[in-house]
**Student:** 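This is the structure, below, for whatever I ask next.
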Amino acid sequence: PSHPRRRPSDLAPGGPHPRGPDPRGPAPRGPDPGAPDPGGPGPGAPGPGDSGARRAAGGFDRPDVLVTEPMVPFPGDLSPLGSVAAAEDRRDVLCYTSAPLADVLDVAGTAVVTIEATADAPTFDLFATLVAVDPSGECRHLSTGARRLGRGDPGPVTIEVGPIAWTAHPDFRVRLEVAASYFPAFDRNPHSTEHTPAAAPRHDYRVATVEVFSLLLDLPVLLGDDS
């Protein structure tokens, strides 16, 4: 099915916003230590836990870097369970993947990503996408959240991803993609404050470099039959 094009603020906390000036004002939240390795298995693999949510995250020794070009945006499709394998083989996306799950994992609710990032542009977008990776390596879209940021926005910000309901079987992995565009599902950010994204002329589009300093995934999971 087709989806209307959205602004990145549409999936920020508080629900959809009408078109107009870009809403801003992120909610700060502190990071946790212990980072997964981009693109491969890492510590903090999601799984059943006492709190009903598992975290995979951390502050990095060095920032992870992605380069985003508005004229060649990261391809974004909100269709559930669509393959994202081809899109992940690009320089404008970071992939954080858990170790293979040892047990069945029931995810139900809205995941929350806490991220600290900066860019060499006055405004930029962050997109967090949950991806299911099966034992064969096939990766499929689960849900995407978004946030529009400015250069002066303070500290870590949160992105709501969901709601989703998904059962992962043993040997599946959970992946978190971080990108700075998601077109055509969302408007491209020209990385300029001179115009709104829809009104920006092409000569105002700028390439931006985004540095990610810390990342935390709160994943809602069900604990047993009575949860």
Side-chain angles (χ1 to χ4, degrees), residues 1-17 19 22-24 26-27 29 36 38-39 46 53 56-57 64 66 68-70 72-98 107-117 119 123-134 138-149 156-166 168 172-189 197 208 210 212 215-221:
S2 60
H3 299 274
R5 190 173 300 169
R6 308 180 183 184
R7 295 202 351 243
S9 55
D10 286 351
L11 294 184
H17 300 274
R19 291 190 177 272
D22 296 337
R24 294 167 64 182
R29 188 177 175 192
D64 290 333
L66 62 86
T68 176
E69 303 180 47
V72 192
F74 184 78
D77 185 352
L78 299 179
S79 299
L81 299 180
S83 176
V84 296
E88 289 182 342
D89 190 22
R90 295 168 55 105
R91 68 172 181 168
D92 54 356
V93 62
L94 301 173
C95 296
Y96 302 89
T97 307
S98 76
V107 181
T110 298
V112 177
V113 174
T114 303
I115 185 169
E116 183 176 7
T123 178
F124 65 102
D125 298 337
L126 289 175
F127 296 87
T129 298
L130 282 178
V131 174
V133 184
D134 70 19
E138 178 63 36
C139 41
R140 296 189 177 277
H141 175 272
L142 293 175
S143 188
T144 296
R147 195 73 181 261
R148 175 153 291 162
L149 301 173
V157 299
T158 57
I159 302 174
E160 292 190 356
V161 185
I164 62 170
W166 172 59
F172 270 70
R173 291 177 290 165
V174 180
R175 177 171 294 161
L176 178 64
E177 293 178 358
V178 176
S181 56
Y182 212 75
F183 185 82
F186 292 83
D187 284 334
R188 290 175 285 192
N189 189 332
V210 179
V212 176
L215 189 68
L216 169 68
L217 171 62
D218 280 327
L219 194 65
V221 301

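This structure is a prediction, so every number in the text was calculated from the model and none was measured.
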**Student:** Using every non-hydrogen atom in the two residues, find where V84 and R140 come nearest and quote the distance to one decimal.
**Tutor:**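 Shortest heavy-atom contact: CG2-N, 4.4 Å.
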**Student:** Rounded to the nearest 0.5 Å, how far apart are CD1 of I164 and NE2 of H141?
**Tutor:**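 Nearest 0.5 Å value for the CD1-NE2 distance: 9.5 Å.
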**Student:** Which pair of non-hydrogen atoms, one from A185 and one from L78, has the smallest distance, and what is that distance?
**Tutor:** CB-CG, 3.8 Å
**Student:** Run the numbers on L215 and D64 for side chain to side chain contact (heavy atoms under 4.5 Å, CB included), then give the verdict.
**Tutor:** CA-CA 10 Å; L215 189 68; D64 290 333; over 6 Å; no
**Student:** Does E88 have any salt bridge (Lys or Arg N to Asp or Glu O under 4.0 Å) partners at least two apart in sequence or in another chain, and if so, which?
**Tutor:** R175
**Student:** What residues, two or more places apart in sequence or in another chain, satisfy side chain to side chain contact (heavy atoms under 4.5 Å, CB included) together with A85?
**Tutor:** S83, C139
**Student:** Could you check whether any side-chain N or O of S98 sits under 3.5 Å from a backbone N or O of V174, counting only pairs where one atom can act as donor and the other as acceptor?
**Tutor:** yes
**Student:** Test of understanding: with side chain to side chain contact (heavy atoms under 4.5 Å, CB included), list the residues that count as partners of S181, not counting sequence neighbours.
**Tutor:** T68, P73, F74
**Student:** Answer yes or no: is there a side-chain heavy-atom contact under 4.5 Å between E177 and T144?
**Tutor:**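 In short, these two side chains do not touch, never coming nearer than 4.5 Å.
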**Student:** Restricting to non-hydrogen atoms, name the atom on V72 and the atom on D92 that form the minimum distance, rounded to 0.1 Å.
**Tutor:**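 So the minimum-distance heavy-atom pair works out to O-OD2, 3.9 Å.
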**Student:** For the residue pair P184 and G76, what are the closest heavy atoms and their distance?
**Tutor:**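 So the two residues come closest at CD-O, 3.4 Å.
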**Student:** Could you check whether the rings of F127 and Y182 sit parallel, tilted or perpendicular, using 30° and 60° as the cut-offs?
**Tutor:** parallel
**Student:** Any idea which heavy atoms bring N189 and P70 closest together, and the distance?
**Tutor:**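 So the minimum-distance heavy-atom pair works out to O-CG, 3.4 Å.
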**Student:** Minimum heavy-atom separation for L66 and A179, please, with both atom names.
**Tutor:** CD2-CA, 4.3 Å
**Student:** If the threshold is 4.0 Å, N to carboxylate O, is there a salt bridge linking R91 and E69?
**Tutor:** yes
**Student:** Is the closest side-chain heavy-atom distance between R147 and I115 below 4.5 Å?
**Tutor:** no
**Student:** Decide side chain to side chain contact (heavy atoms under 4.5 Å, CB included) for L130 and L217; before the verdict, give the C-alpha distance in whole Å, the side-chain angles of both, and the deciding distance to 0.1 Å.
**Tutor:** CA-CA 10 Å; L130 282 178; L217 171 62; 4.1 Å; yes
**Student:** Assess the residue pair V178 and T129 against the criterion (side chain to side chain contact (heavy atoms under 4.5 Å, CB included)); give the C-alpha distance rounded to whole Å, side-chain angles, the decisive distance to 0.1 Å, and a yes or no.
**Tutor:** CA-CA 7 Å; V178 176; T129 298; over 6 Å; no
**Student:** I'd like to check T114 versus I159 (side-chain heavy atoms, cut-off strictly below 4.5 Å). Are they in contact?
**Tutor:** no
